[in-house]
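Structure first, commentary second.
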4 protein chains.
Amino acid sequence: MAKSKEKLQVETSVKDAQLIEFRRQQIINAAIVLFKEKGFHRATTREIAKVAGFSIGTLYEYVRTKEDVLYLLCDHIYHEVKQRLASFPQRSGTIDELKEAIKQYFLLIDSMTDAFTIMYQESKSLSKEALHYVLNKEMEMVALFQNILENCSELGVLRLSEQELFLAANHIVIQGQSWAFRKWALHRHCTIDEFIEYQMDTFLFGIIRK
Amino acid sequence: MAKSKEKLQVETSVKDAQLIEFRRQQIINAAIVLFKEKGFHRATTREIAKVAGFSIGTLYEYVRTKEDVLYLLCDHIYHEVKQRLASFPQRSGTIDELKEAIKQYFLLIDSMTDAFTIMYQESKSLSKEALHYVLNKEMEMVALFQNILENCSELGVLRLSEQELFLAANHIVIQGQSWAFRKWALHRHCTIDEFIEYQMDTFLFGIIRK
Amino acid sequence: MAKSKEKLQVETSVKDAQLIEFRRQQIINAAIVLFKEKGFHRATTREIAKVAGFSIGTLYEYVRTKEDVLYLLCDHIYHEVKQRLASFPQRSGTIDELKEAIKQYFLLIDSMTDAFTIMYQESKSLSKEALHYVLNKEMEMVALFQNILENCSELGVLRLSEQELFLAANHIVIQGQSWAFRKWALHRHCTIDEFIEYQMDTFLFGIIRK
Amino acid sequence: MAKSKEKLQVETSVKDAQLIEFRRQQIINAAIVLFKEKGFHRATTREIAKVAGFSIGTLYEYVRTKEDVLYLLCDHIYHEVKQRLASFPQRSGTIDELKEAIKQYFLLIDSMTDAFTIMYQESKSLSKEALHYVLNKEMEMVALFQNILENCSELGVLRLSEQELFLAANHIVIQGQSWAFRKWALHRHCTIDEFIEYQMDTFLFGIIRK
DNA sequence: TATGAATGAGACTTCATTCAT
DNA sequence: CATGAATGAAGTCTCATTCAT
């Protein structure tokens, strides 16, 4: 797996970039369905190809190993998260911005429950190199919230130490994820909106008071 | 896998109950090491036997399938959690009791990081029946905290709705687990004690205010 | 194993029907050699693949389990029997037709001694479902002779009760098979032709007299 | 396996001859049940010991290998057959004696269907040496009938060539066995007595006429 | 580009047999 | 004599990956 500072490249024998993009999206969609149903290891490449709508031979034209499929999936998720959270940032440093960011993040997770769950249960199957890359992305996600919190902190809205900033950002990320992999228990007691409200409430109050 | 209301039984061809207990603990210990290192699927039964200190044949005298090993491991964890949380319950309904419970739970997780991580990443590999049993245990764990919170609520220390009780209990459980599977990121910024303090602080403040 | 009223289907991942037919014939041939030499249980799937001329992986592209190999073998035999006995039916109801049928059946067995012996010693290793199917075929074989006898009976050449018709048909089938699994003893005393003549003689005389 | 002209000896580490006899009968009985149910290969030595009523360790005090169990079983059957057919021989050379012998043989088989079926389906699993011994016994059984037929022939009751004598004896033995391994089909159409009568009738008529 | 038959390393599991108690 | 825990060779089957068409 070739490496670049920015992104691990999954090599192909196919040249047409658009086709690559298209096929890979098919692969990711198939992978989400299958990995959710049976996990990374129990899902076979043959099945992935079949669900994706082409042959096993074709699959291997767009991916070098099964692990690549998982990597593609993880990468895809972070891409989505970034896009979603990047779409509204006014860098105002107000509590409202923070709230909006949290809300968007939670809603995103709710709309991609399966993908998130897979990522958290299967990323350990990545190679050291790929895992490292994915965990970095994860930290970037935390950093996104850390930034927003920092803005608030600088404007005096919050009063948090370095450590508290980090822990608070983590707190948000984790609670969001928990909606994905504990949905089976949570959604019997509340909707995503109620969940968001509760988290926001508790969290902000716990934070702001300082 | 025979079933009883209380516990799924893993059958053996060995008769000496003490020996069974002993060997199974060896198996669990070996499994924790290996599952942590390579995950459930990449770890082979032969390796498990080897690390446990006996032959593959012997392993299968104490376990019917590889899945049984995972089940044994999960069951073991819940056993520990219950013992730990059951060891100090004065049922006082005070905030101090709540704090102590949370602390014990977090410390337990810290001392069994690997086991907890495995459970959360691999339990999906259990059979439907075994998974159901494990998830039930998980809910029992949540219920433990729910009870303590309820006690506090009844004594007027807290003022929480049914839903809030459940969400708060979940909150605790999740944050505790997050220390296990995000330790790699967290422990670079704080110790377990600092983490506990932070969680307690934020959480309780977010809760109590009501 | 999918089921249809007519035939149990052994499923494949290979799509080319002609190739399937070809490979399966290779498998059956290999199985006859090996099952004869060491029996169903002592013959390994790896050996079967090797003798058939391909890898173990390929074997499992054309067969789902080892049992399938045995089933394929049994099915093949009945196919042959039917073809052979169906090739000359003038439905005349004469003794000559009966004699010809018996002769063809005995000659067929002589040319497939190994396959027949295997079938009678190993069919018990089939699953209940497959065994049932095979025993049904066996009864169909008996019925073939029962029909011929019935024709003779209706034309007054023979005078047999229902029960006698059945027993007589069985008699033929069994004596034929005995040439297969007792060849080791019989062929030291007579050729297949002598055996046929003796059986015909004794049997017909015992029957016709009535 | 030590060899003597008369009988293959299965060695033991136990000395008490009576106990040996007793335990072996237990083993044979257990083997009949289990080999019938699952065949020689699928039945495990552990099961045999369990059904026999003792431990696996004890089993191996009275038998050196699993194959020995099968051998013991086969040997036992021939012992029974000989005893049964030896109990009434007046060497009269009459048709009635022949008829009585046939009847006794058929009745014996009917009372030991399972054992006979096992012998014919599993004896192939014996070592070459043991198989040879068992097949010899089989030929002795044929010879028993050959003798009786010869007596009749000498007295002029029958008029058969050497070859015919052999084939006729075989005929009897085979038809008897067929009651064992085709009982599933036959007993729906007739009782053992009807079967005997039919066989006697057809066979004798086919024979005597000469 | 797309296909799918072929490959074979390697996984899980069984079970006959031994031997210390 | 009896026991049963331990052993490990060997068997069946899966599935990621390749490559000729």
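Note that the structure is predicted; figures quoted are calculated from it, not measured. Convention: sequence-line order gives letters A, B, ...; per-chain numbering from 1.
Judged by closest nucleotide on DNA chain E, A:Leu59 is the one of A:Leu59 and B:Gly57 placed further toward the 5' end. In this structure, C:Thr44 and B:Lys15 both approach DNA chain F, and ranking their closest nucleotides by distance from the 5' end singles out B:Lys15. Residue whose closest nucleotide on DNA chain E sits further toward the 5' end, between C:Ser55 and B:Glu61: C:Ser55.
Between A:Tyr62 atom OH and E:dT3 atom P the separation is 9 Å, expressed in whole Å. If you take NZ of D:Lys66 and C1' of E:dT14, they are 11 Å apart, rounded to a whole angstrom.
Heavy atoms of C:Thr58 sit under 4.0 angstrom from at least one base atom.
If you walk DNA chain F from 5' to 3' and mark each nucleotide with an atom closer than 4.0 Å to a heavy atom of chain A, the marks span F:dC15 to F:dT18.
The two residues A:Ala31 and A:Val69 make their nearest non-hydrogen contact at CB-CG1, 3.6 Å.
Heavy-atom distances under 4.0 Å link DNA chain F to C:Thr45, C:Arg46 of residues 45-54 of chain C, given in residue order. Shown for residues 27-43 of chain C: no residue has heavy atoms falling under 4.0 angstrom of DNA chain E.
Note that the CD1 atom of B:Ile28 and the CG atom of B:Leu70 stand 11.0 Å from one another [nearest 0.5 Å]. The structure places CZ of C:Arg23 at 5.0 Å from CG of C:Leu19, a figure rounded to the nearest 0.5 Å. Rounded to the nearest 0.5 Å, atoms CD (A:Glu21) and CG (A:Asp16) are 11.0 Å apart. Put simply, CG on A:Leu73 and CG on A:Asp114 are 10.0 Å apart, with the number rounded to the nearest 0.5 Å.
With respect to B:Lys38 and B:Glu47, a salt bridge is recorded, a charged nitrogen being found less than 4.0 Å from a carboxylate O.
The side-chain tip of A:Lys66 points at the ring of A:Phe40 from less than 6.0 angstrom away and within 45° of straight on.
Remark: the C:Tyr62 side chain and the C:Asp68 side chain contain no N/O donor-acceptor pair separated by less than 3.5 Å.
Every residue meeting the side chain to side chain contact (heavy atoms under 4.5 Å, CB included) condition with B:Lys124, not counting sequence neighbours, appears here in chain and number order: A:Gln121, A:Glu122, A:Lys124, B:Glu122.
Counting only heavy atoms from C-beta outward, the side chains of D:His41 and D:Ser125 approach each other to under 4.5 Å.
Applying the salt bridge (charged side-chain N to carboxylate O under 4.0 Å, His left out) test to pairs two or more places apart or on separate chains, those with a residue in residues 52-61 of chain C are A:Arg46-C:Glu61.
Between C:Arg24 and the choices C:Asp75, C:Thr12, C:Asn29, the side chain to side chain donor-acceptor pair (under 3.5 Å) rule is met once, by C:Thr12.
Counting only Watson-Crick and G-U wobble pairs whose two distances sit under 3.5 Å, DNA chain E takes part in these stems of three or more pairs: E:2-21 with F:2-21.
For C:Ser123 (side chain) and C:Met119 (main-chain N/O), a donor-acceptor pair under 3.5 Å exists by modelled atom type.
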